[in-house]
Chemist: 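Before I ask anything, let me first share the structure, which is written out below as structure tokens.
Just so it is clear, the structure is predicted and the values come from calculations on it, not from any experiment. These numbers come from the heavy atoms of this one structure, side chains and all, not from hydrogens, waters or symmetry mates. Naming convention: chains lettered A, B, ... in sequence-line order (proteins, then strands); numbering from 1 in each chain.
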Amino acid sequence: MNRAWLVKSEPNAYSYEDLERDGRTPWDGVRNYQARNFMRDEMQIGDAVLFYHSNVADPAVVGVARVASEAYPDPTQFDADDPHFDPKASPDAPRWMLVDLEPLRRLTQAVPLARLKEDPALEGLALVRRGNRLSVMPVDDAHFRHVLELGGADPDAL
DNA sequence: GCCAACGTTGGC
DNA sequence: GCCAACGTTGGC
């Protein structure tokens with residue numbers, strides 16, 4: 001049984017359209033231990049991932065992606081020219097792990113944060129918990145299915 | 001190990 | 001641009 005997840009991305013930096021264009025992308029730059037642990041320890045190939053656009057006028061879940069690789073070291077941690085460079089990491093002792101993501105399908109209707117917040121069926125969804133700053137988080141299967149339905153997608157047809 | 005200072009996230 | 005929430009850092 002695959003699990004479901006949600007990742008946040010600022011569309012100015014990397015949008016769902018960018019993921020569709022690229023076909024596949026390493027989910028790099030995550031520098032939070034809890035988020036890393038989810039990717040490193042719990043994500044499995046084939047898991048479904050809600051793709052959320054943050055830091056925009058109307059933040060929303062806009063598409064579904066899929067985990068496309070096992071976890072491996074985030075190469076940006078070793079690159080001194082990269083903004084996500086971590087001087088305390090080395091190839092022998094990597095600190096930050098990531099997985100690759102592939103686009104599955106864009107939602108026919110984006111599901112805005114405001115909509116998620118007001119829906120009693122989504123109570124407990126980590127994204128709408130106050131003060132939540134995680135950029136990678138697990139999503140209950142029932143919540144996942146509900147968000148897809150709100151977005152006009154059939155959860156059984158992924 | 002405590003905790004104040006600081007930086008970041010992200011909604012509004 | 002503001003600011004609340006939260007994680008990290010570093011002095012002690």
Side-chain angles (χ1 to χ4, degrees), chain A residues 3-22 25-43 47-67 71-101 103-140 142-144 146-153:
Chain A
R3 294 186 67 182
W5 305 91
L6 181 145
V7 297
K8 295 178 185 171
S9 188
E10 302 189 15
N12 298 330
Y14 197 84
S15 68
Y16 191 76
E17 291 71 26
D18 293 327
L19 181 61
E20 288 181 320
R21 179 201 61 211
D22 293 342
T25 200
W27 203 244
D28 59 19
V30 173
R31 294 293 180 271
N32 170 282
Y33 288 106
Q34 206 179 344
R36 176 204 68 183
N37 293 348
F38 285 136
M39 291 197 285
R40 185 188 64 187
D41 304 332
E42 300 190 40
M43 278 191 177
D47 285 0
V49 183
L50 297 174
F51 198 102
Y52 174 82
H53 281 172
S54 66
N55 243 327
V56 284
D58 197 16
V61 176
V62 298
V64 188
R66 119 184 229 287
V67 175
Y72 62 95
D74 179 343
T76 65
Q77 70 193 301
F78 310 128
D79 179 358
D81 295 327
D82 191 282
H84 299 292
F85 175 63
D86 183 344
K88 293 179 180 165
S90 69
D92 286 343
R95 262 195 185 196
W96 305 108
M97 304 288 282
L98 54 70
V99 298
D100 289 352
L101 296 182
L104 263 189
R105 74 183 50 199
R106 186 194 301 252
L107 295 179
T108 51
Q109 309 166 220
V111 185
L113 179 61
R115 179 76 183 80
L116 299 173
K117 280 183 169 173
E118 73 188 9
D119 194 328
L122 295 175
E123 191 170 350
L125 180 69
L127 180 70
V128 301
R129 280 208 290 265
R130 201 173 68 104
N132 171 59
R133 285 171 49 194
L134 262 186
S135 62
V136 176
M137 67 191 82
V139 177
D140 291 349
H143 291 161
F144 175 76
H146 192 71
V147 172
L148 254 63
E149 283 161 5
L150 292 175

Chemist: Please work out which of the three classes, parallel, tilted or perpendicular, describes the rings of A:Trp27 and A:Phe51, given edges at 30° and 60°.
Modeler: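 The arrangement is perpendicular - the two ring planes meet at more than 60°.
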Chemist: Would you kindly say whether A:Asp119 and A:His146 are connected by a side-chain donor-acceptor distance under 3.5 Å?
Modeler: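 Yes, side-chain donor-acceptor contact under 3.5 Å.
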Chemist: Can you see whether A:Asp18 engages A:Ser15 through a side-chain donor-acceptor pair at a distance of less than 3.5 angstrom?
Modeler: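 On atom types as modelled, these side chains qualify, holding a pair under 3.5 Å.
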Chemist: For residues A:Arg36 and A:Met97, report the shortest heavy-atom separation together with the two atoms involved.
Modeler: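 Taking A:Arg36 first and A:Met97 second, the nearest heavy atoms are CG-N, 3.8 Å.
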Chemist: Below 4.0 Å from chain A heavy atoms, what is the first contacting nucleotide of DNA chain B and what is the last?
Modeler: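 Endpoints of the contacted stretch of DNA chain B: B:dG7 to B:dC12.
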Chemist: Scan A:Val49, A:Val139, A:Asp47, A:Val67 and name whichever one has a side-chain contact (heavy atoms from CB on, under 4.5 Å) with A:Arg3.
Modeler: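 In the set A:Val49, A:Val139, A:Asp47, A:Val67, the residue that makes a side-chain contact (heavy atoms from CB on, under 4.5 Å) with A:Arg3 is A:Asp47.
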